[in-house]
Protein chains: 2
Amino acid sequence: MSLDATLTHIDAALPEATERLLELMRIQSISTDPAFKADCDRAADWMVADLQSIGFDVQKRPTPGHPMVVGHAGPADGAPHLLFYGHYDVQPVDPLHLWDRDPFDATVESTPTGEVIRGRGAADDKGQLMTFVEALRAWKSVNGEFPCRITVFLEGEEESGSPSLVPFMEENADELRADFAMICDTVMFQSRTPAITTMLRGLLGEELTIKAASKDLHSGMFGGISINPIRVLSRIIASLHDDTGRITVPGFYDGVPDLPDDLEAQWQGLNFDHAGFLNEVGLSHPAGEQDRTPLEMIWSRPTCEVNGIGGGYQGDGFKTVIPAEASAKISFRLVGDQDPHAIRQSFRAMVEEMLPPDCEAVWSAHGASRASGAATDDPAFAAALKALSEEWQIPAAYIGCGGSIPIAGHFANILDTPPMLIGFGKDDDQIHSPNEKYDMQSFHKGIRSWARILDAVS
Amino acid sequence: MSLDATLTHIDAALPEATERLLELMRIQSISTDPAFKADCDRAADWMVADLQSIGFDVQKRPTPGHPMVVGHAGPADGAPHLLFYGHYDVQPVDPLHLWDRDPFDATVESTPTGEVIRGRGAADDKGQLMTFVEALRAWKSVNGEFPCRITVFLEGEEESGSPSLVPFMEENADELRADFAMICDTVMFQSRTPAITTMLRGLLGEELTIKAASKDLHSGMFGGISINPIRVLSRIIASLHDDTGRITVPGFYDGVPDLPDDLEAQWQGLNFDHAGFLNEVGLSHPAGEQDRTPLEMIWSRPTCEVNGIGGGYQGDGFKTVIPAEASAKISFRLVGDQDPHAIRQSFRAMVEEMLPPDCEAVWSAHGASRASGAATDDPAFAAALKALSEEWQIPAAYIGCGGSIPIAGHFANILDTPPMLIGFGKDDDQIHSPNEKYDMQSFHKGIRSWARILDAVS
């Protein structure tokens, strides 16, 4: 098996690979809009045909929603078993008038910073999923066979909440379980550093309603003597952090790990431009725990945020009311081994403890997922990191992700398959927005990256 | 002049007085709905004719809205000059299906607790204004002349915000200025104790918006590093009261008087059933300054309330957003000589001082009125109080009102005429609601009360 020959083949075949991607992008596979159901089906058929053409045993598999595409190739006992995940559906295109061209008339454009592939789905996720498909095609073409057992698993509902994903995984667990799930749907760190996302925060959501009087009261007649649930709620929210930004819920930090020294060193090497990151949205000051670095604040430290609050009169003008109730939606981002259920209990107990007379707390639970992380001590991770570094000529890094990527958790929890999140998107790709694009560099070097990773891991 | 003869006349003429009130109540003078413009006009005409019939020089006076009715009687130099205020317009009647009978088919009903006059406007304010009209009629009938100079001043826009009132007062200040403005539009204390309302709280309104990021942020990507305006706003609100319920705005208590000993004694005599007052709305615990009595909390102490709060996602379910801004509507009830403008400045300065980096406070001012009070050292107040006590055989009291009654302030500020608020409504009169009523006792003893007050004050 010759990696160099495969890379050379990839370079030579880039025009044909690009044409294939443009063809796939022209299929209007908007999963959330029933009007495009047949288009989603066509996109699945296109993927089946394309994977068949490079030797996959592949099928379109029905679900109550849009179909899955599952294909297998390589020796059945060829270790390791690598599963590649992507999604063939795309976001809606509204508002259409903000696009500079038809979002489904995909094309390559020259720009001052290089060529880009323009159109809906370019980066999310058709361009990304075709990086591994093209790498597999090139590998097969040059070497005649795959280096290990390969499964390709594509869904068509990622942009509409993946309603069929968990049941499908559960029903087909034996078929889909692999040594690693290569998920290609993420970005490079600050658009320049290749990275494997190994830390994903969990999420715990709570809706809290403070109830006081049995009806809204007039603040003239009742102001001063009766308890105001907005004030009670504000006091609770204000108490959730101390002056250093630390969260005060008892036991909250149980299971929060220290940042390992090697990761700390790697993150320092990333030279995160937190000023630029914040300036982009009109901010300048890292507002989290004051003894933590900005990257820790967004990746490796837990948070408590209020996502919504409401109570009393919110219309124009003024109404002198003391409302009967006030509500807030409060979420916690979790890391390490933090236990969402224990934190929910402790949080609720803390709030109940703070309630003044005549007040009641009514709770509504919204989701409780643990943080997920990859056990990077498996040599495959180091091998993939090295392959990425060699392709991009920049030291690749293990990074975190402040948000939650449910699919990663599903692979870990349902299939016991460690997720390896590697993607080549950039921050300015305009995913979910008008004029979505994918850099030709991302596509080309993305394909080459997967070839190197295949070579390194197998 | 014989008070006893006048009272006897009132008792005998009650059936005719009741018929007149029912006739007035059958006019559908809903001021807020343009469909009833002609009805409002008819009600004004009715009042003009009725006052003419008892010797008033009276006119319907045009305004840009519904007309005023202004009538004069008695010796032009006959001290004191008493002005009587009421309003002939009524609230809308929706929801109509909750009425037990046609709201404008006014009638007298027998109930287990006595006769009531039923229909829209019974208590608010046609029944109340007719108490003084009938007292004047009886006085004239028995004595042949009025005891002093009398002005009757009725408006037809009280239930729609009184848009013409201030301009009309300003344009006709010389004509309307009097020694006292007798305002008959309030209730008896806890439905049993006759009272003169001598303390009305002022009101200062502020709308505060905390702005942070330039757009809503994803709490996964930005949670932990970026400032959350809901948290900032909650911290501000939580800091507005200390643990004893005292308001922390610097200088806030400047001008707040101590409760005079005689008033304190009078209020203790009222045996305010604060438990009942709070139980009615599902509460039990007086939540204001902990070293004050419940009546002080609602009448003579200033307050700070949050009337509304909003920010972030408030719909069903959950959205992991850190909003760009959050807002609250905050109001202060003011007493004594508190200066709303000084408090506004101090409040804003206190908030600006608390703002963390990256946050901005945007202000919108909503009204600033001082407290108004009657200078009860004028002997007319003591005389009126005594007259009320004699009629009801219960010691009458000077009471406060937690809310603001703008008309009282207008008489004081525009006409330099001290308001004397005396009314005979009860808490269960259902004003503004279906099945409004006015107790026959309120009507009968109200007429008699005014006869006694006329006798005592003139």
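Note that the coordinates shown come from a computational prediction; the quantities given were computed from them, not determined experimentally. We name chains A, B, ... by the order of the sequence lines, and we start the count at 1 in each one.
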Counting heavy-atom pairs under 4.5 Å to chain B, which of [options] comes out on top?
{"options": "A/G288, A/S284, A/G403, A/G205", "value": "A/S284"}
{"options": "A/P294, A/G310, A/G282", "value": "A/G310"}
{"options": "A/P229, A/A328, A/G245, A/G317", "value": "A/G317"}
{"options": "A/R231, A/E296, A/H285", "value": "A/R231"}
{"options": "A/N228, A/T303, A/L295", "value": "A/N228"}
{"options": "A/G311, A/S239, A/P286, A/S327", "value": "A/G311"}

Where does [X] contact chain A at under 4.5 Å (heavy atoms): side chain, backbone, both or neither?
{"X": "B/L233", "answer": "neither"}
{"X": "B/C304", "answer": "backbone"}
{"X": "B/P323", "answer": "side chain"}
{"X": "B/L278", "answer": "side chain"}
{"X": "B/I330", "answer": "backbone"}

Taking atom [atom1] of [X] as the centre, report whether more than 12 heavy atoms of other residues, nucleotides or ligands fall under 6.0 Å from it.
{"X": "B/E280", "atom1": "CD", "answer": "no"}
{"X": "A/D242", "atom1": "CG", "answer": "yes"}
{"X": "A/D316", "atom1": "CG", "answer": "no"}

If you count heavy-atom pairs within less than 4.5 Å of chain A, which of [options] leads?
{"options": "B/R301, B/K329, B/E289", "result": "B/K329"}
{"options": "B/K215, B/R201, B/H274", "result": "B/R201"}
{"options": "B/V232, B/D216, B/I309, B/I230", "result": "B/I309"}
{"options": "B/T320, B/L200, B/L203", "result": "B/T320"}

At under 4.5 Å between heavy atoms, what parts of residues 217-226 of chain A are in contact with chain B? List them by residue number. A/L217, A/H218, A/S219, A/G220, A/M221, A/F222, A/G223, A/G224, A/I225, A/S226
Among residues 354-372 of chain A, residues within the sub-4.5 Å heavy-atom range of chain B, in order of number, are A/P357, A/D358, A/H366
Can you tell which part of [X] gets under 4.5 Å to a heavy atom of chain B, answering side chain, backbone, both or neither?
{"X": "A/K319", "result": "backbone"}
{"X": "A/E206", "result": "backbone"}
{"X": "A/A213", "result": "both"}

Give the minimum heavy-atom separation between A/A238 and B/S234, together with the two atoms involved. CB-O, 4.0 Å
Contact check, side chains of [X] and [Y], non-hydrogen atoms, under 4.5 Å:
{"X": "B/I237", "Y": "A/R235", "answer": "no"}
{"X": "B/V321", "Y": "A/E305", "answer": "no"}
{"X": "A/Q314", "Y": "B/Q314", "answer": "yes"}

